[in-house]
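Here is how names work: the chains are called A, B, and so on, in the same order as the sequence lines, proteins then strands, and each is numbered from 1.
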Number of protein chains: 2
Amino acid sequence: MAEGDESGFLESYTLFLMAMASANVSAEFHRIAADQGLSVPEWRVLACLHDRKAASVTDLARLSLMEQSRLTHLIGRMQARGLVDRKRSSRNRRNVEVTLTPTGATLAADLVAQAKAHEKAAILDRLGAEDTRVFHDLLRKLMADPAG
Amino acid sequence: MAEGDESGFLESYTLFLMAMASANVSAEFHRIAADQGLSVPEWRVLACLHDRKAASVTDLARLSLMEQSRLTHLIGRMQARGLVDRKRSSRNRRNVEVTLTPTGATLAADLVAQAKAHEKAAILDRLGAEDTRVFHDLLRKLMADPAG
DNA sequence: AAGAAAAATATGAATTTTCACCTTTTTAAA
DNA sequence: TTTAAAAAGGTGAAAATTCATATTTTTCTT
């Protein structure tokens, strides 16, 4: 059997390709976030709240791809830095509503603008409009929980 | 301005879609890895070495999407658990060659088989062969470092 | 060939994340 | 309606990761 016959499992393992592509493209933007003093998880939280104004800890955890208790710790630090606020929901007193402070909101808006610019350069300009659409559709198909 | 007009930045932010799709699909398999007592980073290292027999710490870090010093620490733990071995390369004595132990190799082979089965169910059966090909092509395009 | 610069890995302290469990509040069942 | 079960968050100690830096070896420059 010749040397390169099996040619490697990873090279065509979809989960690896997804993780690698995601990590590579994201790393470009994460440098931008780091310049504003934000870690990746922090940026994710800001981006989520930019969209939704307020969210419960659990929702935020799901959206920002973190485990709940990790998010709780993170929110604590972000609150201490004056980026977010936290208060019990009046409707359901188990829930905690997380919101952006004015400082946080400004920073979030700023970063979101830069994210859009980066996305254009890193994705749209590389793949083109049509392929980008196709790409989004495929990703959305995979995001839907099969067990849902 | 109506309520849902802006419809959210994240919902169509490619980097978010990529991270979310990757996290969701991968989580399914990571449960399998966890059943064998492996964390995600550990599984990644085993998978890389399954492909390449031996790799330097730096190569392994790049392939397994980790920062070098994180990988060094991880390899130390995996070595203590008897999954990998480590020795200075004779060619270039700066390099350290990481290899699988027999135990590690068995575990890796086992997991890779399960990964292939999972991939079939989670990707191929969901997207179909043609779309999977298209998906891979798009991912590969994005993996290539634009600054390369 | 010396010395400077770069490359590969290791190290350890500081920070972050994980894990298991606790409390409180809401929902469901008997 | 009591109790039981589930859902949402928080906590703190243990474990993992990050960050800056040290060491060794190789590669470049002049």
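Listed nucleotides: D/dG10, D/dT27, C/dT9. Nearest to the side chain of A/Q68: D/dG10. Listed nucleotides C/dT9, D/dG9, C/dG12 differ in distance to B/V57; the shortest reach to its side chain belongs to C/dT9. Side-chain atoms of A/S69 lie closest to D/dG12 of the nucleotides D/dG12, C/dA10, D/dT18. Nearest nucleotide to the A/R86 side chain, out of C/dT11, D/dG10, C/dT17: D/dG10. Nearest to the side chain of A/V96, among D/dG10, D/dT26, C/dT9, sits D/dG10. For A/E67, whose side chain is taken as the heavy atoms from C-beta onward, the closest listed nucleotide among C/dA7, D/dG10, C/dC19 is C/dC19.
Salt bridge absent: A/E67 and A/R70 never bring a charged side-chain N and a carboxylate O closer than 4.0 Å. One finds no salt bridge joining A/E119 and A/K116 here, because no Lys/Arg side-chain nitrogen approaches an Asp/Glu carboxylate oxygen to under 4.0 Å. Salt bridge absent: B/E11 and A/R52 never bring a charged side-chain N and a carboxylate O closer than 4.0 Å.
As judged by a 4.0 angstrom heavy-atom cut-off over every strand, A/T58 is placed among residues touching the sugar-phosphate backbone only.
If you measure from atom CE of B/M78 to atom P of D/dA16, you get 12 Å, rounded to the nearest angstrom. For B/M66 and D/dA16, the CE to P distance is 13 Å, given to the nearest whole Å. The distance from atom CG of B/L74 to atom C1' of D/dT18 is 14 Å, rounded to the nearest whole Å. The CZ-C1' distance, from A/R88 to D/dA7, rounds to 12 Å in whole Å.
In terms of phosphate contacts, B/R77 brings a side-chain nitrogen or oxygen within less than 4.0 Å of OP1 or OP2 of D/dT17. Taking only side-chain nitrogens and oxygens, A/N92 never comes nearer than 4.0 Å to OP1 or OP2 of C/dT25. One finds a side-chain N or O of A/R70 lying less than 4.0 angstrom from the OP1 or OP2 phosphate oxygen of C/dT17.
Results of the side chain to side chain donor-acceptor pair (under 3.5 Å) test with B/E42 over B/R77, B/R81, B/Q36 single out B/R81 as the only residue that passes.
In this model, a side-chain donor or acceptor of B/H73 finds a partner on the base of D/dT18 within 3.5 Å.
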